[in-house]
Amino acid sequence: MGDLGDFNPIRFEGGGMVIDIPTLNLDSLKKPEATVTPLYPDHIPTLETPNFHPHHDKHLPRGIEETPEEQRRHWFVGSIDQGTTSSRFLIFNGEGDPVASHQIEFENLYPKSGWHEHEPLELLASVEECIDEAMRKFVDLGYRKSDIRSIGITNQRETTVVWDNNTGEPLYNAIVWPDTRTKDLVRDLKSRDQADTLTDLCGLPLSTYPSSVKLMWLIENVDVVKQAYEEGRLAFGTVDSWLIYKLNGGAKAAKPIHVTDSTNASRTMFMNLHTLQYDDNLLKFFGIDRNKIHLPKIVPSSDPCCFGKIAKGALSGVRIAGCLGDQSSALVGQCGFSPGQAKNTYGTGCFLLYNVGTKPVISQYGLLATVAYDFGGGRKPVYALEGSIAVAGSGVKFLMNNLGFVDKSSAITELAESVEDNGGVVFVTAFSGLFAPYWIDDAKGTLFGITQHTQKGHIARATLEATCFQTKAILDAMEKDSKAKLESLAVDGGLSNSDLCMQTQADITGIPVDRPGMRETTALGAAIAAGLATGVWKELNDLKDVNQVGRKVFKPKMERKQAEKLFKKWEQAVEMSRGWVNEVADEEEE
């Protein structure tokens with residue numbers, strides 16, 4: 001072949017990389033003896049095995065390292081999303097994109113009017129099956145279990161589970177958050193001394209929602225629960241505590257894990273909102289003796305050790321490193337990390353969280369004070385104001401199922417767009433009273449402004465507008481409480497798919513409405529909490545590019561004078577919807 005000669009050193013620059021090729025004698029290429037050794041990042045102490053995307057080039061040139069952004073593409077975080085009607089498991093990459101998931105619906109039990117229960121072991125089984133099925137899909141894509149750094153958990157809040165601390169077996173069905181069997185108990189508690197001091201301590205008013213009154217009812221009315229309490233065997237927790245306990249092996253674990261995070265603990269009325277620890281005055285008010293019950297330890301929402309590891313199944317040995325109540329998780333998934341940022345989840349109802357910063361704000365305008373997230377690691381906890389709307393997507397289902405307006409929920413927007421405006425119709429969707437900020441329990445659903453001109457489209461549009469008006473009322477109250485101007489409203493949930501509804505929301509509130517392309521924000525929030533604890537993201541600033549693809553911002557188009565006129569008419573309708581329950585009661589007494 002002859003002498004091929006020498007070539008001078010060469011440098012290539014571009015694409016964020018520099019490649020130096022030293023002096024090369026091409027004769028050495030006749031019989032190549034050198035080997036190529038891949039150089040993996042060695043500056044990440046928690047990464048024992050390089051987790052590269054299966055379709056990524058496995059060998060980088062010596063001296064070339066991936067940027068942190070490139071590395072995140074090959075790291076994955078799992079997320080358990082345990083909700084009221086279904087359980088899901090999703091696996092996200094480091095850019096916040098879901099790559100595999102599985103969902104299972106389970107049975108909701110309604111043994112009596114106003115009662116709502118879940119079978120605790122069925123909740124656990126649904127989660128375990130979702131993990132196994134999602135992992136099967138993940139592996140089919142060419143990935144490995146070792147590619148998953150950790151998992152997070154997000155869950156329905158307030159739902160109460162009790163079990164035997166010795167055996168780990170549930171003692172009763174879980175009492176679900178909207179259950180109202182405790183209404184008489186709540187009425188009695190409101191008349192007790194110091195009842196008016198509770199909100200300043202825990203941020204919540206007395207109602208049927210918090211876990212405290214559910215636990216009281218169980219101890220007072222279920223014999224096996226009362227006996228376990230008296231014998232010191234009773235373990236209590238919300239759904240996150242139950243799942244973490246059982247996923248770690250339950251009572252059979254060498255060291256059982258019984259914990260909760262502060263976002264879930266803030267919904268029990270047992271935790272002091274200022275100290276993020278159990279408060280003896282709160283426990284005493286509800287008649288709970290700490291010596292007779294096993295309460296979960298309150299820990300930060302993001303931690304590499306506190307939540308333990310999966311004990312069995314497809315993710316055996318993988319760390320649980322994040323935990324957030326569902327609405328807090330949605331705020332995190334929307335990256336609502338700055339005071340003045342808010343998110344609204346448009347589901348069956350609506351839950352609106354407003355970031356108020358590192359000091360809790362006790363509402364003077366009918367809102368709840370809660371923990372938004374607590375990422376630990378020397379970071380201060382962040383608080384939020386919360387407002388809830390009873391009827392959002394369920395109003396659309398009412399038009400579909402009860403009145404036959406449309407065949408499917410997604411068609412409601414098209415029906416509403418068949419008319420130019422609401423035609424003077426206002427629909428106060430108070431099917432079970434009105435929640436924040438009104439708290440009117442004697443209101444009923446009421447349609448105003450119907451004439452011979454009224455069509456189905458006017459009522460459909462008025463139904464969508466009802467959710468938007470109530471959202472504005474909550475946002476107004478939040479601005480008064482926090483004394484901070486809202487910058488924009490991030491949205492998710494089923495009803496946020498309606499462009500008409502989101503544009504209406506922007507018009508009525510006068511602020512931009514920001515809708516992400518990927519709307520699994522609740523599950524993403526738990527993944528973020530776990531990823532922060534295990535090095536996928538080091539700081540919140542690393543999340544600036546997460547879930548940014550495909551976002552759509554709806555900017556206000558309506559003149560403020562017209563928007564204020566519509567809202568004033570809504571407020572008039574709310575006042576006129578009062579008193580229906582009392583009037584019916586009066587008629588029955590006659």
Side-chain angles (χ1 to χ4, degrees), residues 38 40-41 44 46-60 66 68-83 86-106 122-155 243-244 246-249 304 307-323 329 333 518-537 546-547 549:
Y40 297 121
I44 307 171
T46 57
L47 189 59
E48 297 176 0
T49 304
N51 297 328
F52 288 142
H53 190 292
H55 307 300
H56 176 74
D57 291 337
K58 293 183 178 180
H59 302 300
L60 292 173
E66 291 186 311
E69 290 77 12
E70 290 170 331
Q71 291 162 1
R72 280 196 284 271
R73 296 192 189 112
H74 319 310
W75 299 343
F76 298 89
V77 186
S79 179
I80 295 169
D81 183 356
Q82 203 299 299
S86 69
S87 297
R88 300 188 300 160
F89 184 70
L90 298 89
I91 302 170
F92 293 91
N93 64 19
E95 295 180 319
D97 302 318
V99 297
S101 66
H102 194 74
Q103 180 173 357
I104 296 175
E105 293 189 355
F106 50 82
E122 186 178 6
L123 294 185
L124 174 66
S126 68
V127 167
E128 291 178 329
E129 184 176 346
C130 285
I131 290 174
D132 289 344
E133 287 301 309
M135 281 300 297
R136 181 183 59 78
K137 298 172 186 177
F138 187 68
V139 171
D140 286 346
L141 291 172
Y143 302 107
R144 302 163 298 174
K145 167 184 161 183
S146 59
D147 294 332
I148 297 179
R149 302 281 301 240
S150 56
I151 70 169
I153 292 178
T154 182
N155 57 283
L243 291 178
I244 291 167
K246 296 297 281 186
L247 290 172
N248 273 275
F307 302 109
K309 297 180 179 180
I310 302 290
K312 63 178 182 178
L315 285 179
S316 175
V318 175
R319 283 181 289 177
I320 304 171
C323 179
S329 194
M518 196 288 294
R519 295 173 209 164
E520 301 289 358
T521 54
T522 302
L524 177 59
I528 287 173
L532 282 170
T534 52
V536 176
W537 304 282
V546 166
N547 200 18
V549 176

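Keep in mind that what you see is a predicted model, and the values were worked out from it rather than measured.
Classification of the Phe138-Phe76 ring pair by plane angle, with boundaries at 30° and 60°, yields perpendicular.
Across all their heavy atoms, Phe307 and Ile320 have their closest contact at CB-O, 3.1 Å. Here the closest heavy-atom approach between residue Phe106 and residue Gly83 is recorded as CZ-O, 3.3 Å. Closest approach of Ala526 and Ser79 over heavy atoms only: CB-OG, 3.6 Å. Among all heavy-atom pairs drawn from Ser150 and Ala530, the shortest one is OG-O, 3.4 Å. Scanning both residues, Ile244 and Cys323, for their nearest heavy atoms gives CD1-SG, 4.2 Å.
Within the model, atoms CG of Leu90 and CD1 of Ile131 stand 11.5 Å from one another, a figure rounded to the nearest 0.5 Å. One distance of note links CG of Leu124 with CG of Leu247; it measures 6.0 Å at 0.5 Å rounding. Separating the OG1 atom in Thr522 from the CD atom in Glu520 is a distance of 8.0 Å, to the nearest 0.5 Å. The CG atom of Leu243 lies 8.0 Å from the OG atom of Ser126; values are rounded to the nearest 0.5 Å. Taking CH2 of Trp75 as the start and OG1 of Thr534 as the end, the distance is 9.5 Å to the nearest 0.5 Å. Here the CD1-CZ distance, from Ile151 to Arg319, works out to 11.5 Å after rounding to the nearest 0.5 Å.
Not one N or O on the side chain of Ser86 forms a donor-acceptor pair closer than 3.5 Å with the backbone of Glu105. At least one donor-acceptor pair closer than 3.5 Å links the side chain of Trp537 to the backbone N or O of Gly94. No side-chain donor-acceptor contact under 3.5 Å links Lys145 to the backbone of Gly317.
When the options Glu129, Gln82, Gln103 are evaluated for a side chain to side chain donor-acceptor pair (under 3.5 Å) with Ser87, the one that passes is Gln82.
You'll find the side chain of Met135 reaches within 4.5 Å of the side chain of Ile91, heavy atoms only. Looking only at side-chain heavy atoms (C-beta outward), Met518 and Leu524 come within less than 4.5 Å of each other. Here the side chains of Ile153 and Val127 are not in contact, with every heavy-atom distance at 4.5 Å or above. In this structure, Leu315 and Phe89 have side chains that are in contact, with non-hydrogen atoms separated by less than 4.5 Å.
Taking the charged nitrogens against the carboxylate oxygens, Lys137 and Asp140 have no contact shorter than 4.0 Å, which rules out a salt bridge.
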